[in-house]
Number of protein chains: 2
Amino acid sequence: MPENKALGRSLPRVDAMEKITGKASYASDVYLPGMLMCKLLTSTEGHARITKLDVSKAQALPGVRAVITGQDYPDVRFGSGALKDRYIMAKDEVFYVGEPVAAVAADDEITAQEAVDLIKVEYQPLPMVVDPLQAIADDATPVHEDMESFEGYGFAGGGNNCTLLDADRGDVKQAFRDADHTFEETYRSQPINQGFLEPMACVANVEGNGRLTIYASTQGPYQVRAQLASVLDMPLSNIKVIAMEMGGGFGAKLRLALEGFPAMLSIKTGKPVKLINTREEVFTLNGPRLETNIRLKTAVMTDGRIVAREAYSIFDVGAYLGAGPNSGVGHALGPYKIPNFKLRSYGVYTNKIYVGSYRASGVADMTFAVESHMDSVAHQIGIDPFEFRVINAVEEGDISVSGAKLPRNGLRETMQAVKDRIGLPKKLGAARGVGIAVGEWRSGSGPSTASISVNEDGTISMLTGSVDISGSDTSLAQIAAETLGVRLDQVVVAKRDTDMAPFTGPSGGSRIVYSQGKVVQMAAEDARGKLLSLASGRLGVPADALACEDGRVYVQDNTPQELSLGQLAQMSLTSPQGPIVGNASLSSMPYAPVYNTQAVEVLVDEKTGQVKLTRFVQAQDVGVAINPMSVIGQLEGGAVQGIGRALSEEMQIDPETGRVLNPSLATYLMPLAVDLPEIETILINVPSDEGPFGARAVAEPPGFGPPAAIANAIYDAVGVRITELPFTAERVLAAINGQKPKAGFIDFEKLFGEEFSQG
Amino acid sequence: MPENKALGRSLPRVDAMEKITGKASYASDVYLPGMLMCKLLTSTEGHARITKLDVSKAQALPGVRAVITGQDYPDVRFGSGALKDRYIMAKDEVFYVGEPVAAVAADDEITAQEAVDLIKVEYQPLPMVVDPLQAIADDATPVHEDMESFEGYGFAGGGNNCTLLDADRGDVKQAFRDADHTFEETYRSQPINQGFLEPMACVANVEGNGRLTIYASTQGPYQVRAQLASVLDMPLSNIKVIAMEMGGGFGAKLRLALEGFPAMLSIKTGKPVKLINTREEVFTLNGPRLETNIRLKTAVMTDGRIVAREAYSIFDVGAYLGAGPNSGVGHALGPYKIPNFKLRSYGVYTNKIYVGSYRASGVADMTFAVESHMDSVAHQIGIDPFEFRVINAVEEGDISVSGAKLPRNGLRETMQAVKDRIGLPKKLGAARGVGIAVGEWRSGSGPSTASISVNEDGTISMLTGSVDISGSDTSLAQIAAETLGVRLDQVVVAKRDTDMAPFTGPSGGSRIVYSQGKVVQMAAEDARGKLLSLASGRLGVPADALACEDGRVYVQDNTPQELSLGQLAQMSLTSPQGPIVGNASLSSMPYAPVYNTQAVEVLVDEKTGQVKLTRFVQAQDVGVAINPMSVIGQLEGGAVQGIGRALSEEMQIDPETGRVLNPSLATYLMPLAVDLPEIETILINVPSDEGPFGARAVAEPPGFGPPAAIANAIYDAVGVRITELPFTAERVLAAINGQKPKAGFIDFEKLFGEEFSQG
């Protein structure tokens with residue numbers, strides 16, 4: 001490949017030196033003159049009325065500059081979607097253990113903490129509900145007494161149900177009646193934390209003009225701006241959000257998190273205020289995922305064709321709907337042709353920390369259930385699980401749940417690649433097993449903008465509103481470089497804030513390379529068109545006879561006749577059209593699915609129940625890899641997160657109080673290098689029709705497969721099916737010993753039995 | 001006027017609160033962790049070879065982190081135009097007293113200064129020349145021995161002549177032969193400093209990725225970037241210039257000044273480095289203006305018609321051409337129809353501090369000569385000076401020196417307005433006099449770009465590369481607000497750096513409102529077009545039936561049918577064209593002249609020669625005043641600078657060494673409030689064809705008239721013509737006493753006599 005080619009090369013990240021030298025600036029690195037430190041007082045009760053909140057002693061402590069409570073904020077509820085269900089800080093009622101009740105700004109952190117300890121709160125406990133099964137019952141204790149007044153609330157699941165997603169097609173009842181076989185299973189996934197390394201952090205500063213500047217660790221600066229404007233009841237134009245470097249987000253930093261507290265304290269004191277979450281707060285304050293219960297019922301013919309599916313799932317959303325309705329209802333079908341279906345997904349309030357986003361977590365929960373169920377059904381009807389998937393796999397032209405026609409895709413190629421690599425079908429030795437699973441996601445869309453300037457020496461400056469996530473800036477710069485025919489090191493990615501860059505959707509949902517990358521390509525093409533037009537006039541040659549490569553525009557038939565990008569940029573300064581700036585804006589991109597197939601081999605210790613992963617192979621259709629090193633890194637990282645979800649990670653929540661019992665990295669068990677096999681990653685290249693250079697999304701799919709693939713491998717190894725995450729040694733051993741799962745499973749029959757299809 | 005109207009209202013500046021509360025951040029307010037302080041060692045010699053430069057003791061001083069000399073920089077000369085005549089720091093020769101020879105970075109300023117004092121320099125003096133008259137002679141001592149090798153050098157003025165501007169039309173010799181009268185006079189203007197309050201300051205920081213960030217007090221961040229890239233021999237993309245708030249520039253901060261010193265020290269130390277000029281350095285280190293000698297010869301008919309002019313001027317540029325060729329050669333005609341002319345303007349090197357820009361200073365020098373000369377000629381041929389100007393004043397359709405056809409303009413309106421206000425012709429009492437002068441400038445042009453986003457709540461964010469100067473950000477925001485039909489307080493002007501904003505010319509030469517304002521208007525129109533197109537689709541009404549006003553788009557025939565800008569911006573996020581961003585780029589604007597007529601009344605103390613201004617009236621054709629308060633402020637400030645130039649300001653330069661003798665605000669006499677009359681300013685509104693809403697430029701013209709108007713008033717008062725600036729009491733008294741000017745006048749006859757026209 002030519003030295004100066006930008007596309008498809010494993011080039012080092014544009015921010016590599018900043019990161020490895022420790023010079024990159026995170027929100028916690030921001031030090032402003034006169035800056036105060038903020039500490040939070042959080043609720044010790046799961047549901048209670050605040051009968052007394054006395055901050056006088058805290059306020060009197062020397063060094064304390066301000067104390068705020070919920071009363072300091074405008075009486076405005078906000079939320080992540082239409083459902084506005086929470087205050088930024090408890091007003092006179094708390095709904096979960098860990099909810100912010102007051103905040104202090106002091107000259108230093110120790111004084112702030114001392115002041116927090118001096119605040120006196122008295123609570124009058126209120127009835128509460130922690131278990132989502134109890135919460136969704138018609139006669140359940142209401143989490144939000146006044147919920148009927150919430151805009152958007154009121155789906156008919158009963159009890160504390162707050163959201164419903166549904167999808168139907170065909171005649172499900174008839175299909176179940178006509179089917180050769182019917183299978184029904186229930187799965188449960190656990191509460192889980194995103195596990196980012198950098199705790200949330202923020203500095204808020206009221207500028208001389210009265211505007212607020214927010215230095216944030218965020219994936220979504222425009223979302224933070226919008227929610228903060230709503231919470232503080234001010235116009236967007238009063239707030240500037242500067243997205244600092246981010247040490248992991250995985251969905252947890254898509255929206256307003258802790259920024260509202262230093263913001264109000266800065267307004268009250270007129271000084272900059274910094275808040276850095278403790279690790280405990282990371283686990284107890286902001287949007288993790290909570291448990292999901294999924295009942296799947298599938299009708300199959302003897303030849304292996306699936307003819308119907310009924311799926312009911314209940315997502316525990318905690319005290320507030322922190323992350324919009326649960327995605328993934330359509331994923332109850334998996335990547336399979338199922339002509340008749342009835343899909344229902346309910347969200348339900350409980351008195352627990354509210355949920356956020358985590359790498360398309362609803363889909364991960366659903367994939368665990370669906371791909372375990374597929375394996376289970378295949379075994380029960382006596383078809384090889386891989387073949388069973390092949391029989392049912394969707395194809396180009398099929399109609400997806402959303403009604404979109406499935407475009408060209410690499411599903412079968414990923415399945416075949418994994419089959420070939422690991423060698424399926426395969427029978428391993430005693431207590432060893434192999435399992436597979438397929439994950440599915442769409443290439444993320446949403447509003448995207450970009451602006452690209454050609455500097456006077458032919459180097460390029462690129463402005464986008466998107467935050468770098470996992471090296472996405474590098475991929476965007478490669479797309480710009482390739483389009484304009486320059487080297488990657490000639491492209492500067494501007495650090496951005498919400499004042500200067502136009503609106504762009506958050507960095508999440510696998511949307512950066514596909515959608516933001518597309519708009520960068522369009523902006524670069526716009527700039528290239530202007531370069532060609534200028535060169536055309538100067539060289540006296542039609543624009544379509546010109547090429548833009550190697551930092552120059554030249555006549556294709558007469559390559560020595562050329563102008564460098566620098567010369568053209570210089571000329572532009574005195575040419576009628578002015579300085580060369582390419583611009584583009586888009587709101588959505590066509591549906592482009594992404595498939596990831598995984599196969600794992602495990603060794604199960606039958607005496608202890610311990611599961612050891614001995615091999616991990618995955619293949620994903622990435623369309624085109626803009627930067628293969630970066631793509632592989634993303635795929636490895638996602639797989640590891642999925643493995644953690646499968647084997648060890650779980651937020652333990654007290655069933656009485658809803659309190660998180662293990663809010664630390666010592667007790668919340670993320671996988672270590674020693675727990676992991678080599679991740680073998682295969683890139684499949686079936687270009688998407690619309691993505692930049694054919695690229696598809698990368699990030700979400702690798703996290704979906706591991707729980708089911710591992711469950712299926714455990715079944716293959718020791719003949720037991722584990723339907724509850726994570727697969728701890730205790731749980732696996734119990735299954736080997738023939739014990740049923742102890743608790744937590746929702747009795748779907750009792751809740752929805754009347755409407756269930758019989759078959 | 002409606003409350004929410006943005007145009008034509010005297011609204012407070014968008015940065016008013018920041019400025020008055022002291023929260024606005026200037027370059028000297030930047031404090032970065034580990035920041036070092038820089039001090040400079042400057043030359044004590046006017047022209048010498050550096051025979052020894054020993055920095056060892058300085059380097060050994062505890063707390064010193066680096067010492068640099070010219071040897072640390074790449075062997076690259078740079079300059080302000082094609083003529084690359086200087087190194088950023090003396091290599092082995094110095095060319096003026098004050099030239100930087102070494103720089104130190106230390107932990108604190110005192111240590112840095114101590115280290116500077118420990119540097120040993122030995123000089124071998126070289127022949128030098130300080131007087132431009134001597135310097136331009138063929139046998140003069142060359143300032144730059146190797147000057148013939150300079151690209152662009154070598155115009156045929158002889159000696160140290162380095163630039164020539166010329167313009168010719170008609171048969172000048174014949175016209176002089178045929179004229180009824182011929183008049184010849186010589187004028188001299190003095191060395192002068194821009195007098196900005198904020199000394200130049202800069203922080204340079206090498207980022208983790210190896211890029212340089214420059215926090216600068218500059219009018220031209222892209223110019224600083226380009227020159228610094230050339231000096232450090234690196235691509236533009238390695239440098240980010242952040243333009244901080246600026247406490248006055250007036251042309252002195254258009255280009256690279258001191259930024260190259262902290263930049264190199266930051267590269268050497270890997271730490272941030274700050275340099276703030278002392279006031280002495282402000283006077284001795286960077287680009288003031290030096291003396292100008294102007295010979296005018298005019299042929300006039302008895303009826304008052306001017307038929308020919310010959311103008312020769314010599315601009316002293318000091319050691320380097322810091323500000324491009326001298327503007328203003330065409331201004332030797334003044335705003336008058338003169339069918340035959342021969343204009344020559346020479347730049348000449350001397351061993352003095354090199355020149356920079358100062359509010360179109362060449363034109364100010366020329367206007368002093370031309371408008372004094374007009375008065376002198378009028379008196380000599382017995383025509384009232386005002387009438388003499390009216391007879392000759394240019395009109396729409398006349399061909400200007402550059403060949404452009406003079407468009408619609410307000411010259412006669414400004415003259416008439418001043419005449420009416422002050423009551424001309426007018427005879428005042430003993431030792432009292434009235435004088436008039438007319439200044440002329442074009443509305444400044446040059447590359448301009450802007451980008452305007454409509455936020456989700458209908459507020460507006462505006463990004464431009466131009467630096468705020470005298471409230472220009474406010475005017476730009478008013479233009480955007482007016483175009484989009486929103487209030488000024490709904491527009492945010494983003495703080496900018498060279499990474500994120502596309503190339504824009506510097507804030508100078510009266511270009512911001514006319515050219516940058518135009519591109520802002522174009523970008524806002526682009527955004528408005530997108531809003532209308534979106535609304536057209538939603539409302540089912542053609543776009544041309546819609547209006548965009550009061551924060552909404554409505555159907556003109558059915559005003560209740562409307563969508564707010566916020567609604568439309570929200571819709572855009574899911575509409576095919578994506579988020580609404582308006583963009584525009586332009587390189588130049590048509591010629592739009594600006595005229596300013598001034599009349600002053602003076603009282604001359606015949607015993608002491610002291611001149612007191614008793615009245616000052618000016619009228620300027622501003623086209624349309626975007627913000628009248630701001631326009632009037634600009635016009636008053638310019639007039640005051642012109643008054644300082646006329647009466648008191650002068651950099652005294654030692655004729656032997658070229659050293660500046662009065663480098664302080666205690667000895668360089670800027671006018672105080674007590675020295676000034678009320679400035680009566682009249683705004684004339686003859687809209688320009690192309691400026692935003694008809695606006696013309698504002699800034700430069702008011703500074704041109706005062707010297708000539710005051711000289712003419714002194715003549716009217718006491719009958720003596722002062723041809724040398726400033727009009728100190730000593731000089732006026734000497735003239736009253738019949739003494740000729742002592743020194744400094746160039747003998748044009750001796751230099752150019754052979755080519756002079758006879759008549």
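Chain identifiers are assigned alphabetically (A, B, ...) following the order of the sequence lines, protein sequences preceding nucleic acid strands; residue numbering begins at 1 within each chain.
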| field | pair B/Lys495-A/Asp499: side-chain heavy atoms closer than 4.5 Å | value |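 Answer no - side chains too far apart.
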
| Under 4.5 Å between any side-chain heavy atoms of A/Ile460 and A/Leu484, yes or no? |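 SC-SC contact between A/Ile460 and A/Leu484 confirmed.
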
[X] portion near chain B, given a 4.5 angstrom heavy-atom threshold:
| X | result |
| --- | --- |
| A/Thr21 | side chain |
| A/Asp15 | neither |
| A/Lys240 | side chain |
| A/Ser25 | neither |
| A/Ser585 | both |
| A/Arg496 | neither |
| A/Ser575 | backbone |

Pick whichever of [options] has the most heavy-atom pairs under 4.5 Å with chain A.
| options | result |
| --- | --- |
| B/Lys19, B/Met462, B/Arg225 | B/Arg225 |
| B/Ser588, B/Ala16, B/Pro579, B/Ser461 | B/Pro579 |
| B/Gln577, B/Met500, B/Met17 | B/Met500 |
| B/Pro502, B/Ala229, B/Gly446, B/Ala24 | B/Pro502 |

If you tally heavy-atom pairs under 4.5 Å against chain B, which of [options] wins?
| options | value |
| --- | --- |
| A/Ile20, A/Asp29, A/Leu573 | A/Leu573 |
| A/Asp457, A/Thr459, A/Val454, A/Leu463 | A/Asp457 |
| A/Val14, A/Leu236, A/Val492 | A/Leu236 |
| A/Gly22, A/Pro447, A/Ala501, A/Ala494 | A/Pro447 |

| Going from CD on A/Gln570 to CZ on B/Phe503, what distance comes out if it is rounded to the nearest 0.5 angstrom? |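 Taking CD in A/Gln570 and CZ in B/Phe503, the distance rounds to 8.0 Å.
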
| Pair A/Ser448-A/Arg511, side-chain donor/acceptor within less than 3.5 Å |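 The criterion, which ignores hydrogens and geometry beyond distance, is satisfied for A/Arg511 and A/Ser448.
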
| Does the side chain of A/Thr213 pick up a donor-acceptor pair with the side chain of A/Glu207 at under 3.5 Å? |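 Note: A/Thr213 and A/Glu207 side chains meet the donor-acceptor criterion.
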
Measuring heavy-atom distances to chain A, does [X] have an atom under 4.5 Å in its side chain, in its backbone, in both, or in neither?
| X | answer |
| --- | --- |
| B/Glu456 | both |
| B/Ser453 | side chain |
| B/Thr504 | neither |
| B/Asp489 | backbone |

| Counting heavy atoms not belonging to B/Lys271, are there more than 12 under 6.0 Å from its NZ? |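 Result for NZ/B/Lys271: open.
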
| request: Determine, for A/Arg13 against A/Asp473, whether the closest basic-nitrogen to carboxylate-oxygen distance falls under 4.0 angstrom. | output: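 Salt bridge: no.
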
| said: Against B/Ser451, only a single residue in B/Asn583, B/Asp526, B/Thr464 fulfils side chain to side chain donor-acceptor pair (under 3.5 Å); can you say which? | reply: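 The single option meeting the side chain to side chain donor-acceptor pair (under 3.5 Å) with B/Ser451 is B/Asn583.
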
| field | A/Lys274 to A/Tyr31, cation-pi by 6.0 Å centre distance and 45° axis angle | value |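 Flagged: A/Lys274 positioned over aromatic ring of A/Tyr31.
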
| Considering all heavy atoms of both residues, which atom of A/Ser572 and which atom of B/Ser587 are nearest to each other, and what is their separation? |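 Here A/Ser572 and B/Ser587 meet closest at O-CB, 3.7 Å.
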
